[in-house]
Amino acid sequence: MATKYWLFKSEPGAYSIDDLERDGRTFWDGVRNYQARNMLRDDIKTGDHVLFYHSNADPPAVVGTAVVVADGYPDHTQFEQGHPKFDPKAKEDAPRWFMVDIAFERKFATPLSLESLRTQSKLADMELLRKGSRLSVQPVSRQEFNTILKLAD
DNA sequence: GCCAACGTTGGC
DNA sequence: GCCAACGTTGGC
């Protein structure tokens, strides 16, 4: 299967690229949106590449890359009573929410701010730049991914 | 802190 | 199945 490309959003106060660099690897828990869930469960596979994006940050920016190291599997936080992401409707034999594992790849020397990305004509169709785009997990084309890497260097 | 854009929930 | 109310996201 061909390598695919994605963008994952995280608020740096919750989990930043520095946290990922320190941990080396993490599970991407807490996604509670069905569209994103479907991608995590069905489409995002080991070996795929991920742009790491800081949302609600100053400035909001793509800050590095990661690589997927485990295919989708049930997000355990949905079953943990008291956990902020606990979902009473989720059952162990019928999980609603999924996650993948990712590993740190690189942190950009300079973050690529949302503002700077908007000036790139090659990125005009990028999901991230669409008005009202809120998906915390979203597909990125190979061309868009490569454009971002060029901008980072 | 504001608020536009979305997604979800639940009454009917 | 409609849609109003509510909750969340996330840029600004």
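Naming convention: chains lettered A, B, ... in sequence-line order (proteins, then strands); numbering from 1 in each chain.
A:Trp28 and A:Phe52 have their aromatic ring centers within a separation under 6.0 angstrom.
Comparing A:Lys89 and A:Lys131 by the nucleotide of DNA chain B whose heavy atom lies nearest to each, the residue mapping closer to the 5' end is A:Lys131.
Here the NZ-CZ distance, from A:Lys85 to A:Phe79, works out to 15.0 Å after rounding to the nearest 0.5 Å. The NZ atom of A:Lys4 sits 14.0 Å away from the OG atom of A:Ser141 when rounded to the nearest 0.5 Å.
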Each nucleotide in nucleotides 6-12 of chain C should get exactly one letter: B, S or -. Can you fill that in based on protein heavy atoms under 4.0 Å? -BBBBB-
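Between A:Tyr5 and A:His49, the angle of the ring planes stays under 30°, which puts this pair in the parallel group of the 30/60° scheme.
Considering only heavy atoms from C-beta on, A:Leu149 comes within 4.5 Å of A:Thr65 through its side chain.
When hydrophobic clusters are built by joining Ile, Leu, Val, Met, Phe, Trp and Tyr residues whose side-chain heavy atoms come closer than 4.5 Å, directly or via intermediates, A:Leu114 is grouped together with A:Leu51.
Distance alone, capped at 3.5 Å, places no donor-acceptor pair between the A:Lys107 side chain and the A:Phe104 backbone. With A:Thr46 contributing its side chain and A:Val68 its backbone, the two residues share no donor-acceptor pair below 3.5 Å.
Rounded to 10 degrees, the angle separating the terminal helix axes of the helix from B:dG1-C:dC12 to B:dC12-C:dG1, each built from five base pairs, is 10°.
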